[in-house]
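These notes concern the structure reproduced below.
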Amino acid sequence: ATAALVADSAAALAALEARRAEAAARLSLVERLLELDAAEAAADAALSSGNFEAAAAHAQGALSSVRAAGSAIEPQTRARAEAAHARVESAVRAGLADGLADKALPAVCRFVSLLARLGSPAEGRSSLSAFCRARVEAAALPTAAEEEEK
């Protein structure tokens, strides 16, 4: 009788542990969804105020959270995180384009760094390399005043 009681107790305990683990997984999923909502709103607010660094951090965090949840996240939710990330990435690319057009090294470096944080380091390196190469080439060309002196 004691062995049967121990076996029944062990089975009941295992069932409770399984339900606890399932509840914890659901709670974790709900927390990820809440984090996604907050991160998406924070990324948009940061973009609106020109704080690209914060926007990138929030968007990347949301995307990482969704990816970590795997198949537990619905495709629509995953698409929302990807869309928020894409909005930030687009704004960063526009900022980089403006920095390149203005020939502003600090702006170029800022947006290249942000591209790396957003998962596009090769694109940023390529832009920075082309920018630096153009500046070096421009510095190596003689100016009109130097040509007249010859």
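These values consider heavy atoms only, across backbone and side chains, with no hydrogens, waters or symmetry-generated copies.
- Screening residues 119-139 for salt bridge (Lys or Arg N to Asp or Glu O under 4.0 Å), with sequence neighbours left out, gives R93-E123.
- Between L96 and L115, the shortest heavy-atom distance links the atoms CD2-CD1, 3.7 Å.
- Nearest heavy-atom pair across V66 and A81 is CG2-CB, 3.6 Å.
- Side-chain atoms of L105 and C109, non-hydrogen and from C-beta on, do get closer than 4.5 Å to each other.
- The two atoms that bring A54 and A46 nearest to each other are CB-CB, 3.9 Å, heavy atoms only.
- Without hydrogens or angle criteria, S126 side chain to A122 main chain gives no donor-acceptor distance under 3.5 Å.
- For the salt bridge (Lys or Arg N to Asp or Glu O under 4.0 Å) condition, no pair includes a residue of residues 65-74, sequence neighbours left out.
- Annotation: salt bridge (Lys or Arg N to Asp or Glu O under 4.0 Å) contacts involving residues 95-119, sequence neighbours excluded, comprise E53-R110.
- Considering only heavy atoms from C-beta on, R80 comes within 4.5 Å of D37 through its side chain.
- Between L114 and A56, the shortest heavy-atom distance links the atoms CD2-CB, 3.9 Å.
- Judged by distance alone, the side chain of S65 and the main-chain N or O of G61 form no donor-acceptor pair under 3.5 Å.
- For the residue pair A43 and V88, the shortest heavy atom distance occurs at CB-CG2, 4.2 Å.
- Separation of atoms CG (L118) and OG (S90) is listed at 11.0 Å; rounding is to 0.5 Å.
- Annotation: salt bridge (Lys or Arg N to Asp or Glu O under 4.0 Å) contacts involving residues 1-25, sequence neighbours excluded, comprise E17-R20, E22-R26.
- Residue pairs meeting the ring-ring contact (aromatic ring centres under 6.0 Å, His included) criterion with at least one partner in residues 108-128, sequence neighbours excluded, are F52-F111.
- Hydrophobic clustering keeps L36 apart from L47 (ILVMFWY residues linked when any side-chain heavy atoms are closer than 4.5 Å, directly or through intermediates).
- Applying the salt bridge (Lys or Arg N to Asp or Glu O under 4.0 Å) rule to R78 yields no partners; only residues at least two apart in sequence or on another chain are considered.
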